[in-house]
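Small disclaimer: the values here were computed from a predicted structure and weren't measured.
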Amino acid sequence: MEKLALLYAGKAKEVYRTNDPECVIIYFRDTATALNGQKQGTIADKGMINNLISAHFFTLLANHGLDTHYLRTISPREMLVKTLEIIKVEVVVRNIVAGSLITRLGYPEGTPLATPILEYYYKDDALGDPLVNNDHLAALNLATAAELNAITLASHKINNILTRHLAEKNLLLVDFKLEFGRHQGQIILGDEISPDTCRFWDINSGEKLDKDRFRRDLGGVSEAYHEILRRLTGGNSSVQG
Ligand code: 5GP
């Protein structure tokens, strides 16, 4: 697979064209942003760790019959994925109150939710990714009702699979963000699943092992990312050529 021109540079990832129009290469960077870009920095080894953790989760989901964009890991910081037409919606699934839900509902951080909450955000940096509902998405023509249904079903299924898997590693899946896209007429999962996009707490101590350590200046950021990789792969993440 030949790596060609840069297609897109985001806050944490770069996307490169390849000689196959159906595939692109994602390069994971160490750069980090928070608070809608107001806070910027780097997290040592983050690109490598998020690439390997995402590959781990995408493989787990594929083993449970879920379609994802992941094809293979091609270097410590690069994965080959299917080309997607990105749907401009961020899906957040929450199991425990944290982050923006604290201010929105006034519940204390750590309150378990009786059933998972699924939220949609319109993916638009200039607007600060506002919370939207099904009607907004339909009115803005962002996704059809059938696509939204597929996205919702897949998101709940992903939550069940990840929650069970993480519990085996003594981790709580507090909440996470997903992004989907269209590929050859199918809705498939894209983006990444990593400590940048999920909240992971140690099941016993409640210690935060995710990007909240960066957002809230808690220290030990890179160490937390390393700890998640260690628990998930035991240091045995394979990089296929
Ligand atoms: P909250 O709405 O509480 O800030 O975020 C909920 C969950 O979605 C967290 O796990 C958070 O990491 C993830 N999330 C929401 N929006 C974004 C985003 O724009 N970028 C990243 N990396 N994660 C997000």
Side-chain angles (χ1 to χ4, degrees), residues 11-13 28-61 76-77 90-119 121 155-156 158-178 191-237:
K11 286 170 265 185
K13 298 191 286 294
F28 287 76
R29 301 202 309 225
D30 287 351
T31 47
T33 61
L35 310 170
N36 205 20
Q38 290 167 48
K39 184 178 166 76
Q40 303 195 350
T42 55
I43 299 170
D45 302 329
K46 176 171 88 76
M48 183 256 310
I49 294 170
N50 284 358
N51 184 34
L52 299 179
I53 290 176
S54 294
H56 175 87
F57 284 133
F58 285 137
T59 304
L60 174 77
L61 295 174
R77 286 171 182 272
E90 296 186 350
V91 182
V92 168
V93 184
R94 302 177 184 276
N95 298 305
I96 297 171
V97 175
S100 64
L101 200 62
I102 300 172
T103 37
R104 192 166 332 112
L105 293 190
Y107 278 48
E109 183 181 64
T111 310
L113 296 164
T115 58
I117 294 177
L118 194 140
E119 298 168 342
Y121 293 84
S155 300
H156 281 297
I158 292 165
N159 186 37
N160 288 335
I161 296 165
L162 296 186
T163 298
R164 267 186 275 125
H165 183 72
L166 287 158
E168 289 167 11
K169 316 288 179 187
N170 281 332
L171 290 167
L172 283 175
L173 180 60
V174 174
D175 55 31
F176 58 99
K177 185 255 302 179
L178 301 171
D191 197 42
E192 64 180 289
I193 307 176
S194 73
D196 269 14
T197 61
C198 306
R199 288 193 171 95
F200 302 122
W201 294 353
D202 180 84
I203 224 161
N204 298 309
S205 67
E207 186 186 6
K208 297 181 194 333
L209 296 168
D210 55 59
K211 196 176 170 187
D212 269 354
R213 302 203 72 84
F214 171 78
R215 294 185 185 105
R216 294 161 67 167
D217 293 322
L218 299 176
V221 188
S222 179
E223 290 78 0
Y225 280 60
H226 273 283
E227 175 64 13
I228 296 293
L229 179 65
R230 192 191 63 75
R231 288 202 203 183
L232 291 176
T233 67
N236 288 324
S237 47

Chi angles and distances behind the side-chain contact (heavy atoms from CB on, under 4.5 Å) call for Trp201, Leu171: CA-CA 6 Å; Trp201 294 353; Leu171 290 167; over 6 Å; no
Pairwise side-chain contact, Lys13 with Arg29, heavy-atom cut-off 4.5 Å (strictly under): no
Test item: Ser222 side-chain N/O and Ala44 main-chain N/O as donor-acceptor pair under 3.5 Å: yes
Nearest heavy atoms of Asp210 and Pro195, plus distance in Å: CB-O, 3.6 Å
Nearest-0.5 Å distance that lies between atom CG in Asn159 and atom CG in Leu178: 9.0 Å
Polar side-chain atom of Asp202 near backbone of Ser205 as donor-acceptor pair, under 3.5 Å: yes
Interatomic distance, Asn160 atom CG to His156 atom NE2 [nearest 0.5 angstrom]: 9.0 Å
Nearest heavy-atom neighbours spanning Ile102 and Tyr107: CG2-O, 3.5 Å
Approximate separation, where rounding is to 0.5 Å, of Leu232 CG and Glu168 CD: 11.0 Å
side-chain hydrogen bond (donor to acceptor under 3.5 Å, both in side chains) evaluation trace for Arg94 with Ser100: CA-CA 11 Å; Arg94 302 177 184 276; Ser100 64; 2.9 Å; yes
Heavy-atom closest pair, residues Ile53 and Ile193: CG2-O, 3.5 Å
side-chain contact (heavy atoms from CB on, under 4.5 Å) between Asn95 and Thr163, intermediate numbers included: CA-CA 9 Å; Asn95 298 305; Thr163 298; 3.8 Å; yes
Flag, side chain of Arg199 to backbone of Asp175, donor-acceptor distance under 3.5 Å: no
Tyr225 vs Asp196, side-chain hydrogen bond (donor to acceptor under 3.5 Å, both in side chains): CA-CA, chis, key distance, verdict: CA-CA 9 Å; Tyr225 280 60; Asp196 269 14; 2.5 Å; yes
Side-chain donor or acceptor of Thr111 paired with backbone N/O of Pro108 under 3.5 Å: yes
Residue pair Leu105 / Val97, side-chain heavy-atom distance below 4.5 Å: no
Value rounded to 0.5 Å, distance of CG in Leu209 from CG in Leu172: 10.5 Å
Aromatic plane relationship, His165 with His56 - under 30° parallel, 30 to 60° tilted, over 60° perpendicular: tilted
Any donor-acceptor pair under 3.5 Å from Lys46 side chain to Phe28 backbone: no
Polar side-chain atom of Arg231 near backbone of Asn170 as donor-acceptor pair, under 3.5 Å: yes
Check: Lys11 main-chain N/O paired with Thr31 side-chain donor or acceptor under 3.5 Å: yes
side-chain contact (heavy atoms from CB on, under 4.5 Å) between Phe176 and Val93, worked out: CA-CA 6 Å; Phe176 58 99; Val93 184; 3.6 Å; yes
Which atom of Arg77 lies closest to which atom of Gly47, heavy atoms considered: NH1-CA, 3.6 Å
Audit row: Glu119, Lys177, salt bridge (charged side-chain N to carboxylate O under 4.0 Å, His left out) steps and yes/no: CA-CA 9 Å; Glu119 298 168 342; Lys177 185 255 302 179; over 6 Å; no
Worked check of side-chain contact (heavy atoms from CB on, under 4.5 Å) between Phe200 and Val174: CA-CA 6 Å; Phe200 302 122; Val174 174; over 6 Å; no
Value rounded to 0.5 Å, distance of CZ in Arg215 from CG in Leu35: 8.5 Å
Salt bridge Glu109-Arg216, side-chain N to carboxylate O under 4.0 Å: yes
Heavy-atom donor-acceptor pair, Asn50 side chain to Ser194 backbone, under 3.5 Å: no
Flag, side chain of Thr42 to backbone of Asp30, donor-acceptor distance under 3.5 Å: no
Separation of Ile117 CD1 from Ile96 CD1 (nearest 0.5 Å): 12.0 Å
Pi-cation contact, Phe214 with Lys39 (under 6.0 Å, within 45°): yes
